[in-house]
Amino acid sequence: MRHGRTVTEIRVTAVPDGGGARIVWEDNGVGVPAEHKERIFERGFGSHTGGLGLFLVKEVLSITGIAIRETGEPGRGGARFEMAVPEEHVRYR
């Protein structure tokens with residue numbers, strides 16, 4: 001919410017994707033500027049967490065083979081993060 005500035009809604013969904021799953025986290029805030037999309041997961045980039053926030057998120061997820069990327073459209077609909085979960089780490093009940 002700090003980075004989205006105008007966030008009033010957060011939505012999290014999970015859907016089957018091939019043999020694995022795709023988890024989508026999205027908000028209705030200001031989004032991620034196009035020039036930052038590739039850098040937001042770099043160590044030292046960003047504010048309020050010493051540049052470690054999304055870097056650590058990506059590192060921790062990668063330990064279990066989960067990939068994360070930002071797929072939102074700047075200026076249209078806020079931030080959107082997709083996490084690809086491999087088949088061996090998915091369990092449906």
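Just so we're clear, the structure is a prediction, and the values are computed from it rather than from any experiment. For the numbers below, each heavy atom of this structure counts, side chains included, while hydrogens, waters and symmetry mates do not.
Salt-bridge check for Glu9 with Arg11: passed, with a basic side-chain N closer than 4.0 Å to an acidic carboxylate O.
Atom-to-atom distance recorded for Glu42:CD and Leu54:CG is 11.5 Å, nearest 0.5 angstrom. Taken to the nearest 0.5 Å, the NZ atom of Lys58 stands 11.0 Å off from the CZ atom of Arg69.
Neither Val90 nor Ile63 shares a network with the other; the hydrophobic side chains, linked directly or stepwise wherever heavy atoms of I, L, V, M, F, W or Y lie under 4.5 Å apart, form separate groups for each. Grouping the Ile, Leu, Val, Met, Phe, Trp and Tyr side chains by contacts below 4.5 angstrom, directly or via other members, places Val85 with Val12.
Listed by chain and residue number, Thr13, Arg22, Glu26, Arg80, Glu82 satisfy the side-chain contact (heavy atoms from CB on, under 4.5 Å) test with Val24 (two or more places apart in sequence, or in another chain). Under the side-chain contact (heavy atoms from CB on, under 4.5 Å) criterion, His36 pairs with Val32, Pro33, Ile40, Phe45, not counting sequence neighbours. Remark: Leu61 pairs with Val57, Ile66, Ile68, Met83 by the side-chain contact (heavy atoms from CB on, under 4.5 Å) rule, at least two apart or across chains. For Arg76, the salt bridge (Lys or Arg N to Asp or Glu O under 4.0 Å) test picks out Glu73, with sequence neighbours left out. Applying the side-chain hydrogen bond (donor to acceptor under 3.5 Å, both in side chains) criterion to Ser62, with sequence neighbours excluded, gives no partner residue.
Residues Phe81 and Ile23 fail the side-chain proximity criterion, which asks for heavy atoms closer than 4.5 Å.
Listed for the Glu87 side chain is no donor-acceptor partner under 3.5 Å among the backbone atoms of His89.
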